[in-house]
Amino acid sequence: MEKTYNPKEFEDRLYKDWEQSGYFKAVRDDEKVPFTVMMPPPNVTGQLHMGHAVDETMQDTIIRFKRMQGYCALWLPGTDHAAIATEVKVAQDLEKRGISKDDLSRGEFLGYCWEWKNKYGERIVNQLKKLGSSCDWSRLAFTMDEKCSKAVREAFVNLYNKGLIYRGSRLINWCPGCRTAISDAEVEYAEESSYLWHIKYFLEGSDSEGLVVATTRPETMFGDTAVAVNPADPRYKKFIGKNVVLPIINKPIPVVGDKHADMTFGTGCVKITPAHDPNDFEVGLRHNLESVTVMNEDGTMNAFAGKYEGMDRYACRKAVVDELKALGNLMEIKPHAHNVGHCYRCNTAVEPRISKQWFVKMDSLAKPAISAVNDKKITFVPERFAKIYYNWMDNVKDWCISRQLWWGHRIPVWYCPDCGAEICVKDDPAVCPECGGKHLKQDEDVLDTWFSSALWPFSTLGYPDDTSDLEYFYPTDVLVTGYDIIFFWVARMIFSGLEHMRKVPFRDVLIHGLVRDEQGRKMSKSLGNGVDPLEVIEKYGADSLRFSLLQGVAPGNDMRYSDAKVEACRNFMNKIWNASRYVIMNCEGRKIKPVTEVKLTSADKWIISRLQAVIRDVTLSLNKFELGIACQLLYDFTWSDFCDWYIELTKSALHSDDADKKDNAVSVLLFVLENTLRLLHPFVPFITDEIYRSLPNTKGSIMVADYPRYNSKLAYRKEAVAFGGVMEIIKAIREVKVETGCAPSKKVSVYMLSDAKRLISANADCIAKLAGAAYVKCISAKEEAEEKSVAKVTSVGTLYIPLGELVDAEKERERLNNELDRIMNEIRRADGKLNNQGFIAKAPKQLVEAERAKLNTFVEMREKIMEQLKNL
RNA sequence: GGAGGUAUAGCUCAGUUGGUUAGAGCGUUUGCUUGACAUGCAAAAGGUCAUUGGUUCGAGCCCAACUAUCUCCACCA
C-alpha cells in the first residue's frame with residue numbers, strides 16, 4: 001500500500017468492477033424484504049451541481065446500508081425532460097449556432113431537443129457514477145421515454161374521464177418579448193419606482209360627480225369593465241349599481257361592490273380590467289364582467305385602444321396620461337414603488353393575458369393527500385416540513401397543466417373540426433369516433449413537467465401495467481429531496497400516487513437543505529459561485545466529498561461548502577488508509593484468530609466494547625436518517641478511539657518477541673478494522689472496498705458484506721470502564737511532563753500508588769509506551785517513590801514521577817492548588833445536586849447513584865491532593 | 001401580507017424522547033522526524049449556548065415574548 005491515500009488510483013477501477021459484478025441490480029427476491037428509493041430525476045438541462053451531490057450521496061448511503069443489511073435494495077435512477085428549462089436551453093444553443101427556433105418545424109426542433117437530451121443525460125449518468133452511486137442502471141428511466149409516456153397518457157385519460165381535468169380560460173403570464181406563456185416560477189419580480197395616477201371617472205349623466213380611481217397602469221383603461229369599491233366603504237356605497245363613464249372612449253361601465261377594493265389604499269376606488277390583472281380577473285368572475293383584451297401578443301395596443309392602436313404599451317401609457325390631463329380627468333400623480341414581474345429569460349415586463357388552458361381539479365385530490373400525512377402514512381423528516389406541505393395543500397388551487405411549448409408530453413386531446421368533438425384517448429385516434437371524420441387535430445400544448453414527474457414512483461416500475469416489480473417495490477420507502485420542491489414535486493407525487501395507485505408513493509420523505517457557498521450565498525449561475533462536484537472529486541476524491549457533505553449536517557438545514565471541509569475529510573480518508581496500512585503490514589506471517597478465541601487484554605476489551613457501542617449507535621442513527629450524527633460517531637471512533645488509542649496500545653505487544661501476543665493483537669486489530677470498514681462503507685464506498693479487498697481474511701467486495709450487528713457478548717462493560725483508568729493515567733503522565741517542562745523524549749519513571757494494582761501492572765508496558773515512561777511500577781506507600789517527585793492525583797490513584805532538579809516546590813504548590821480548585825468546584829456542584837431533595841426524590845435512581853459515586857471519587861481526590869500539599 | 005428556518009468557541013457547524021465538567025473540524029499557542037500517517041502526534045487557550053421571562057428537582061434543548069438574520073409562498077389597483 002502507498003504511504004498516502006490516493007483515490008484516483010482506485011475509484012474508477014472499483015466502480016467498473018461494481019457495475020460488472022451486478023451488485024447494483026435489484027431483482028425481485030421474495031426471500032428478502034424490498035427497500036426502494038426513487039432518485040429524484042435531475043433535469044437534463046446541464047450538469048449536476050453540489051445540491052445534486054448531497055441528494056445522491058444521501059440516497060446512496062441509505063441504499064448501501066440497506067443492501068448490506070440484507071434488503072432487496074433498489075435505487076432507480078433517471079432524468080427529467082424539464083420542459084421549459086430545456087426548451088429555453090436548446091433554443092439558446094441553436095441561436096449560438098445561427099439557427100432560429102422560429103424557422104424550425106415542431107418536429108425539427110424536437111430532434112434537436114433529443115440530441116441535447118442524449119448528450120446531457122449521458123453526462124449526468126457519468127457524474128453519478130463518479131460519485132459512487134450504486135443505482136440500478138439497467139432501469140435507467142427518462143420522463144419522456146416510452147414507459148413514462150404511457151403512464152402519462154393513462155393518468156391523463158383517467159383523470160379526464162373522471163371529470164378531474166378540464167379546459168378553461170385563465171389569466172396567465174405572457175412574455176411579449178418571447179411571445180410565449182411562461183409559468184409563475186419563471187417570473188422574476190423587481191421593485192420599480194413608478195406613479196399612482198388618480199383618474200376621475202364621471203358618473204353617467206353628470207359632469208361633476210364621479211369616482212377617482214388610482215392606477216399604476218392607465219394604458220389598460222380601455223379594457224376596464226367596471227370600477228370596484230368596497231361594499232363597506234361609506235364614501236362610495238351609494239355609487240354601487242350606478243354607471244361611470246370611461247374617459248377618452250366614453251364607454252359606460254358599472255360600479256360594483258367588492259372586497260378586493262382596499263378602503264385604505266389610494267382613493268379606495270379601483271378600476272377593474274379583468275383581461276390584464278389577476279385580481280381584476282377574479283373580480284370579473286365574481287361579478288360576471290366582460291373581459292376586454294387591449295393588447296396584442298407583442299405588447300402593442302390593439303383595436304380596443306382606438307387611436308392608440310399599434311402603439312407600444314409604454315408609449316401608450318404616456319399618451320393616455322397626457323390626454324387625460326388635457327381632458328381634466330387626471331386629478332393627481334403620486335410616486336409609487338411596486339413590484340413588476342419580468343421574464344427570467346429576456347427581462348421584458350410580463351403581461352398578464354387571458355388564454356385557454358388545461359387544469360386539474362384539486363379539491364378531491366388534495367383531501368386524501370392531506371390525510372395521508374396526517375395519518376402518518378407518510379412521514380416528513382424532519383417533521384417540521386409537514387407544516388410546509390399542509391400550508392400548500394390546504395390552499396392549493398386548480399393546477400394549470402398545459403404549457404405552450406414543444407418539448408414535453410403533448411396533451412392527448414384531439415379536436416374534430418367536422419363535428420366539434422373533443423376526444424381524449426390513450427392511443428392516437430385515426431378518425432373521429434363521433435363522426436368518423438378524418439381531420440382530427442391534436443391539442444398543440446404540452447403538459448407541465450411536474451405532471452410526468454408526479455408519476456415517477458410508479459411510472460418507472462411499469463404502471464399502468466400490473467407488473468411484478470410494481471407489486472414488489474411499490475410503495476417506495478424513502479424519498480430524498482431538498483425542501484425547495486416540496487410543493488412542486490413531493491405534494492404532486494403524493495396525490496398522484498394515491499389517485500392512480502391507491503397507495504402512498506413513499507413512507508418517509510427525507511428533506512435536506514441547500515448547499516451554499518463559503519459566504520453563505522446560494523450557489524447560482526449568475527453569481528458564478530457554483531462549485532463543480534467533479535472538480536472536487538478530481539482534487540480530493542469522491543469519498544472525501546461525500547463525507548464532507550454528510551458530516552456535521554442536521555437534516556433539513558442548509559450547509560456551506562468549503563474546500564477546507566473537504567480537505568479535513570480527505571485527511572480522515574488518509575487516516576483510515578494509514579491505519580489500515582499499519583494493520584495489514586503487521587499481519588504479515590501472523591496467525592489470525594477469531595476474536596472469540598483470543599485471550600483479550602483489557603485494551604482489547606475496551607476497543608471491542610467501544611466498537612459494539614458504535615455499531616449500535618450508528619445503526620440507530622441511520623434508521624432515523626441522521627446521517628450527520630452517524631458520520632460523527634464513526635469519525636470519532638476511527639480517529640480517536642481506534643487510531644490514537646488502540647493502535648498505539650497494540651504497539652508494545654507488536655514490538656515484543658512474544659509470537660502469541662502478536663497474533664492476538666493483530667487478530668483484534670483486524671477484527672476492529674474490518675468492522676469499522678463495513679460500518680463506514682455506505683458513506684465512503686471506494687476507500688473501504690479498496691482496503692477491504694486487501695485484508696488477509698476477506699474475499700469479494702465489501703458492498704455485499706453484512707452490515708455489522710451489535711453483539712452484547714462483545715460488550716465488556718466493566719472492563720471497558722476500568723480501562724478508562726489506564727487512559728487517565730497516561731494522560732496524567734503526559735500532562736505532568738508538559739506542566740513541568742520535562743523534555744518529551746525523556747523516559748521518566750512512574751510510581752503508582754493505587755488500589756487498581758492488577759489493572760496497572762497488566763497495562764504497565766502500554767502506559768509506559770504511550771506516555772513516554774521508562775517503566776510504571778506499583779507501590780504500596782508513597783515512601784517507596786523517589787524523593788523530589790512530582791505527584792499527580794487521578795481517580796484511580798496517585799502517581800509519582802521523580803524529576804530531580806525539575807521539581808520546583810513553588811510551581812508544584814501552584815499546580816496542586818489549581819487542581820484542588822477544580823476538584824472543589826466539582827464537589828460543590830455534586831454536593832448541591834445531592835442536597836437538593838427534589839433531585840433525590842424525582843431524578844432517576846441511576847443518575848443519583850452516579851452522582852454519589854462521582855462525589856466520592858472527588859472527595860477522595862481532594863484528600864490526596866491536600867495530603868500532597870502538606871508534604872510539600 | 002402569509003408560512004417557516006436560524007442565532008452555541010475567532011470561523012464553519014454538531015448537540016433528537018430535558019440529566020456527567022456543552023463537543024468537532026478549521027484557525028490560534030506550546031512542544032514533538034514517538035518504527036501507519038506532518039494529509040501526523042501530544043498538551044493547551046478559547047463559550048454568561050442572541051435577549052428577557054416562564055415550566056421543571058434539573059433547560060443549549062420545552063413554552064412565551066422580543067431582537068437580528070435568512071428562505072419560501074402570495075402580492076401591492
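Atoms considered below: every heavy atom in the structure, side chains included; atoms not considered: hydrogens, waters and symmetry mates. The chains referred to below are lettered A, B, ... by the order of the sequence lines, with proteins before strands, and numbering in each begins at 1.
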> Taking N and O atoms by type only, does the side chain of A/Arg570 place a donor or acceptor under 3.5 Å from a partner on the base of B/U39?
Replying inline: yes

> Taking the six-membered ring of A/Tyr635 as reference, does the NZ or CZ atom of A/Lys575 fall below 6.0 Å from its centre and within a 45° cone about the axis?
Replying inline: no

> Any sub-3.5 Å donor-acceptor pair from A/His276's side-chain atoms to A/Val294's backbone N or O?
Replying inline: yes

> Below 4.0 angstrom, N of the basic side chain to O of the carboxylate: do A/Glu728 and A/Lys731 qualify?
Replying inline: no

> Any ion pair linking A/Arg217 and A/Glu351 (charged N to carboxylate O, less than 4.0 Å)?
Replying inline: yes

Please report the distance separating the [atom1] of [N] from the corresponding atom of [M], rounded so that it comes out in whole Å.
N: B/U30; M: B/G54; atom1: C1'; answer: 46 Å
N: B/A45; M: B/G40; atom1: P; answer: 22 Å
N: B/G15; M: B/A3; atom1: P; answer: 26 Å
N: B/U71; M: B/U28; atom1: C1'; answer: 34 Å
N: B/G4; M: B/G46; atom1: P; answer: 40 Å

Using the side-chain heavy atoms of [X], tell me which of these nucleotides is nearest: [options].
X: A/Arg516; options: B/A3, B/A77, B/C70; answer: B/C70
X: A/Glu735; options: B/U39, B/G15, B/A43; answer: B/A43
X: A/Arg734; options: B/C75, B/A42, B/A24; answer: B/A42
X: A/Ala554; options: B/A3, B/G15, B/A77; answer: B/G15
X: A/Pro555; options: B/A24, B/U16, B/A14; answer: B/U16
X: A/Arg384; options: B/U20, B/A77, B/U6; answer: B/U6
X: A/Val738; options: B/U16, B/A43, B/A77; answer: B/A43

> A/Phe487 near the nucleic acid: base, sugar-phosphate alone, or nothing, with a heavy-atom cut-off under 4.0 Å?
Replying inline: sugar-phosphate

> Mapping A/Met559 and A/Tyr483 to their closest nucleotides on RNA chain B, which lands nearer the 5' end?
Replying inline: A/Met559

> Within the pair A/His336 and B/A77, is there a side-chain N or O less than 4.0 Å away from OP1 or OP2?
Replying inline: yes

>> Parallel, tilted or perpendicular, judged at 30° and 60°: which one describes the rings of A/Trp489 and A/Trp450?
In response: tilted

> Angle class for the A/Phe547/A/Phe683 ring planes (parallel below 30°, perpendicular above 60°, tilted otherwise)?
Replying inline: perpendicular

Residues [X] and [Y]: side-chain donor-acceptor under 3.5 angstrom:
X: A/Lys271; Y: A/Thr220; answer: yes
X: A/Tyr561; Y: A/Asp563; answer: yes
X: A/Arg822; Y: A/Asn825; answer: no

>> Strictly under 4.0 angstrom, non-hydrogen atoms only: write out the protein contact profile of nucleotides 25-38 of chain B, one letter per nucleotide from the 5' end, B, S or -.
In response: S-----S---BBBS

>> Can you build the contact string for nucleotides 60-65 of chain B? Use B for base contact, S for sugar-phosphate-only contact, and - for no protein heavy atom under 4.0 Å.
In response: ------

> Looking at A/Ile576 and A/Ile691, what are the two nearest heavy atoms and their distance?
Replying inline: CG2-CD1, 3.9 Å

